[in-house]
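Data first, discussion second: the structure below is written as C-alpha cells.
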Amino acid sequence: MSTDKASKAEGRVLLPSTIIPSRYDIKLTPDLTAFTFQGEVSIQLDTSADLNCKEITMHAKELCFISASFTADGKTVEAEQINDNKKATTVTFVFAETVPSSSTIVMNISYIGFLNNQMAGFYRSSYTDIHGNKKIMASTQFESLDARRAFPCWDEPARKAVFGVTLVVPAELDAMTNMPEKCCKSLEGGKLKEITYLDSPKMSSYLLAFCVGEFDYVQAQTDHGVLVKVFTPPGKSEAGMFALECALKSLDAYDDFFGIPYPLPKLDMVAIPEFAAGAMENWGLVTYREVDLLIDPKKASNSQKQRVCTVVTHELAHQWFGNLVTMAWWDDLWLNEGFASWAENWAADQIYPEWTMWDQFTTGHLSYAMKLDSLKSSHPIQVPIRHAEEVEEVFDGISYCKGGSVVRMICAVLGMKAFQTGLGNYMKKFAYGNTETIDLWTAWEETSGMPINEMMSSWTEQMGFPLLKVIGETWEADKVTLELEQSWFLSDGSTPEEEKKWCIPILTVTDDGKQKDMIFMREKTAKIEIPLTSVTSWVKLNAGQEVPMRVLPTETMIERLSEGIRNKTLPVSDRAALVTDGYALVKSGHMPPEDLIKLLSSYINEDAYNVWQGLADVLSGLNTITQDDEGMNSNFKVFARKLVIQLQSVVGWEKRETDGHLTVLLRSIMTGLLAKFCANDESVVQEAKTRFTKFQEDAGDMQNLPSDMRSSVFRIILKNGGEKEWNDVKSYFYTASDQAERKFVLGTLGATNDDKLKNQTLEWAVSGEVKLQDFFYPMGSVVSSKAGAEVAWKFYQANFEKIKTMIGKGNPSLMDACIVNCAGGFCTSEKADEIEAFFKANPLPSNGRKIAQCVEGMRTNSKFFDKLKASELSNDSFWKSL
Ligand code: BES
Ligand code: ZN
C-alpha cells in the first residue's frame, strides 16, 4: 500500500534544489519602541552543476530589503532587482551576472522587518512589570512557515543548516537564542550590547528562536550535565520550579530512552506573555504560554501541574523527535506531533507513575482521535501537502491524538524493548537529517522481524478506523470461540462507500487478569479461541484499549462484563472504554440506546478517576443531545444525578490531607458534574455560596476553594445569580495573581443564565481587555446551554469582520477555537445547514476542515437524537424500571 517516494513528492511547491544553504549568519537589531528590527544575513550556499541563471529565490514575508549581493571567488555582485512575490512569500534577487554553478558562494542581504503583534514570526508581546508599567518584549514563533518573516531563508524542514546568531539589544535586557552566548561587546557607550552566540547544530529553519526582554529565572543541572533554566516574568521565578523539575527528570529519561544524549549545552524554557499555541519546541530555547509553564506552588491545581508536566515532556521529546531527526516534508508532520503525544505520556509516567497517564491516555488522546476520525471529513494521518500553507490545518487531533494512539499500538505489539531498540537505531541513523514515515517502520521491522510496514500503512495511509463486531460466539466451560468481523466505523452509522480493511492486532483479557496471545486480523472476518477460568468469566476485546477502534460485543459478553464493572475486576481503562465505546455505538445505531443506559447503571459504585472521565463525557454528551426533548432530558437528568450524587458521597467537597493526585482530579470531575446536573440543588448551591463568599474574603485560602474546584463553583454561582454575581466573578480577573487564576474567570463567566450577561461576556472577550491568545475561552463559556449556543452564534456572525481582523495573520488555530466555541453548540441539522451556508458566504480557507468537522458532528448528533426519540428512552416507564 505504501507509495514510493518519488510519486509522493509530486506536485509539492518547493524552492529549487539547485541551491543548497549550509550556513546562515544572522544579525538582528530589534527596536522595542518602534516595533521594527534591522536584519543583516549572510548565507553560505552550495550551487549545483545544473544551476544556470541570474536569479536566486528564497522565502521572505513582510520584509523590506535594502540591499543584496553575492560573493564568489573574491568578487561581489550586487542585485539589480529585488522582486517580492507576496503570494508565494518569496523574494527573487536578480543579478547582472550568472550565479556560478558547482561552487560555494556567500549572499549578503540587509533588510528591515516588523515586530508584529500577531504571535507569529518575530513578534512583540506586552506585559505589566512589577511596578505596574506596561512593557514590551519580543520573541519568535516560526513553525510552520514564519521564519521567513524574520529573515530571508529556505524555509523548508529538509533544508537543514548551521545558524550563527548575533543579537544587538538594550544593555539592561536579556537576550536568548537556541545556543549559549559566545561573546558580548558593549555598543553606543554602554546603551546597547551585541551578543554573539555559539553555532547551532545543523537544523531546520522553523526551530530557530530568539527572545528579548526582562526575565527572572531558576536553574539547575541535569544528572547528565545539561544546564536547564526556566525564565519567568520578573519577580515570579518561584513559579518556574515545577517545570524545571519536570525538565531535569525528563531530559535524563529521554537521554537513556533514545540512547543519544541531549545534543546541546543548555536548555532554556521561557514563559511568553502572548503566545498562540501552548508551547513550541525550538531547539534549546523552548517557548511556552504562561499557563503551560508556570506553577504557583501554593495555588496551582493538580490538573495544572499535570498540564505543565505534559507540555514540558511533549516539547522535550521533540528535542530528539523533530529537532534531531526531522520530517522531510510537512505531510509527515504526524512523525513529530504523534510521537511527541505518545512520549509526553511516557515521560510523565516515568516521573509520576501515580498519575496513571496511560489510563488517562485512553479517555483523552484516544477518545478524541476516534471522535474526529469517525467523521467523513477526517483525513489520513499521512496527508499529501502540496503548498506548505496547507500544513496549518494538519496540526489537529489526527496528527496528535491518532498519531499518538498508533505509536502506542505499535509499542503494545512490539513490546517496550524492541520498540525502544528500534527507536534508538532510527535516531542514530538519521541524526541531523530528515526522514519519512517508512524510515521509522523499517527501523521497527528490522529490530522485531514483524511486518510493521504492512500493518501500519493500513492505519496511517487510510483515514478512519475499524469497528470490530462479534458476530458469533460459542461459550464452553473452559473456553469461548468468537467470530469477529471488521468494517469501517462511521460516527453516524452510514454505510461506507468503500470497503476498508485494517491489520488489527487482537488483544484480549479475561477475569484472570492476564492478556492473551496476540493475533493479527487482516481479513474481513476471523475466529479466535480464548481460554476461560470459570463458567461466568468475562472476556474483553481490545484489552487495555491499545488499538484505536470500537468494539461491539454480544449481549452475553456485555452481561458478563457488567459483572466485571460492578466488582471492578475489569481493568480501569477497559471499564472506561465499555461506556465510551457504548456511546459511540448507540450514536451510530449499532447498539440500542436502552442497553447503554442499563450499562451505565452498572457504574453505580465506580470511584476510579479515569473511568469517571469516560462517564462524565458520556453523561454530558447525552445531556446535550436530549436537550430538545424536555421529558426525556429530565428523566435522564434524574438518572444521571443518582450516579453523580453517589460519587459525591464517596469524594465529598472537602479536600483531605491524604488525597492522592487522582482523588483531587476526581473531586474536580464531581464538582463539574454537580455544576452540570445539580446546579440548582439547594445543598449544592449552599455549599458553593459558602465557599465563594469565603473565597472573596481570601482568594489564597486553598482549603476552602482549591483551584481544582474553582471553575465549577464559579459556574454554580453564575447560574444561580445575576448581575452582581457576574461582576463578582469578573472582578477576580483583575485581582488574580496569575494567568492560571485569570483563566478560571475566562472559562466560566458566560455560564450565567442571563442572555444579556452572556452578551456582555462576549463583548468583553473582544474588547481588547482579554488577550488575543485567550479571547476564545469566554466564548466557550457562553455555550453552556441551548440558549447560550444561540447567543454565541449570533454574536459570532455579527462580529465576524471584527474577529477576523483581530486574528489577522496570526495562527489559524485561534479562529478554529473560535468557530468550535461559537458555532459548535448545536445538534440539529437545520443549524448545521445554517452554519454551512454562513461559511459558504464568508469563506475561511484555512479553517475549512474545522468547519466541516463541526457541521458533520452536528448532523450526526441530530440523527442520534432521532434514534433516542424512537427508543424506550422516550417513555417514563423505561426510566422507572431502572
Ligand atoms: N510544534 C508544536 C507547536 C505548534 C503548534 C506550532 C501549531 C505550530 C502550529 C508544539 O510541539 C505543540 O505541539 N504544542 C502543543 C502543546 C502540546 C503539549 C500538545 C500546543 O501548542 O498545543
Ligand atoms: Zn508538538
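Along the sequence shown, residues are numbered consecutively beginning with 1. The basis for the numbers below is simple: all heavy atoms, side chains too, and nothing from hydrogens, waters or symmetry mates.
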Over all atoms of both residues, closest heavy-atom pair of [X] and [Y]:
X      : Y      : answer
Ile504 : Pro466 : CD1-CG, 3.7 Å
Gly652 : Met670 : O-CE, 3.7 Å
Leu666 : Asp607 : CD2-O, 3.2 Å
Ala679 : Ile716 : O-CG2, 3.9 Å
Leu484 : Val470 : CD2-CG2, 3.9 Å
Cys822 : Met779 : SG-SD, 3.6 Å

>> Could you walk me through whether Phe838 and Trp793 satisfy the ring-ring contact (aromatic ring centres under 6.0 Å, His included) test, starting with their C-alpha distance in whole Å, then the side-chain angles of each, then the deciding distance to 0.1 Å, before giving a yes or no?
In response: CA-CA 11 Å; Phe838 177 82; Trp793 173 232; 5.3 Å; yes
Could you grab the distance from atom [atom1] of [X] to atom [atom2] of [Y], nearest 0.5 Å is fine?
X      : Y      : atom1 : atom2 : value
Glu834 : Ser829 : CD    : OG    : 11.5 Å
Asn847 : Ile819 : CG    : CD1   : 4.0 Å
Lys637 : Trp879 : NZ    : CH2   : 12.5 Å
Leu873 : Lys867 : CG    : NZ    : 13.5 Å
Trp653 : Ser683 : CH2   : OG    : 8.5 Å

Quick one: are [X] and [Y] in side-chain contact, heavy atoms under 4.5 Å?
X      : Y      : answer
Arg408 : Thr362 : yes
Phe465 : Met370 : yes
Leu467 : Met549 : no
Tyr603 : Leu578 : yes
Trp488 : Glu499 : no
Met815 : Lys850 : no

Could you verify whether a donor N or O on one side chain and an acceptor N or O on the other, from [X] and [Y], lie under 3.5 Å apart?
X      : Y      : value
Ser877 : Asn875 : no
His661 : Gln306 : yes
Glu337 : His314 : yes
Trp342 : Ser405 : no
Asp396 : His379 : yes
Gln382 : Thr460 : yes
Trp475 : Glu473 : yes
Glu630 : Asn633 : no
Ser537 : Asp511 : yes

For [X], salt bridge (Lys or Arg N to Asp or Glu O under 4.0 Å) partners two or more places apart:
X      : result
Glu594 : none
Glu529 : none
Glu555 : none

>> Both conditions, 6.0 Å and 45 degrees, for the charged tip of Arg522 above the ring of Trp502: are they met here?
In response: no
>> Before we go on, tell me: are the rings of Trp358 and Phe361 under 6.0 Å apart, centre to centre?
In response: yes
> When the ring centroid of Phe878 is compared with that of Phe639, is the distance short of 6.0 Å?
Replying inline: no
>> Atom CG of residue position Asp478 - does it have more than 12 heavy atoms of other residues, nucleotides or ligands inside 6.0 Å?
In response: yes
Note: [X]-[Y] ion pair, threshold 4.0 Å (strictly below):
X      : Y      : result
Glu790 : Lys831 : yes
Arg859 : Glu836 : yes
Lys869 : Asp629 : no
Asp816 : Arg849 : no

> Quick one: which of Lys540, Arg575, Arg550 gives a salt bridge (charged side-chain N to carboxylate O under 4.0 Å, His left out) with Asp581?
Replying inline: Arg550
>> Using modelled atom types and a 3.5 Å cut-off, is there a donor and acceptor pairing between side-chain atoms of Ser341 and backbone atoms of Tyr400?
In response: yes
> Picking from Ser491, Ser374, Ser377, what satisfies side-chain hydrogen bond (donor to acceptor under 3.5 Å, both in side chains) with Glu856?
Replying inline: Ser377
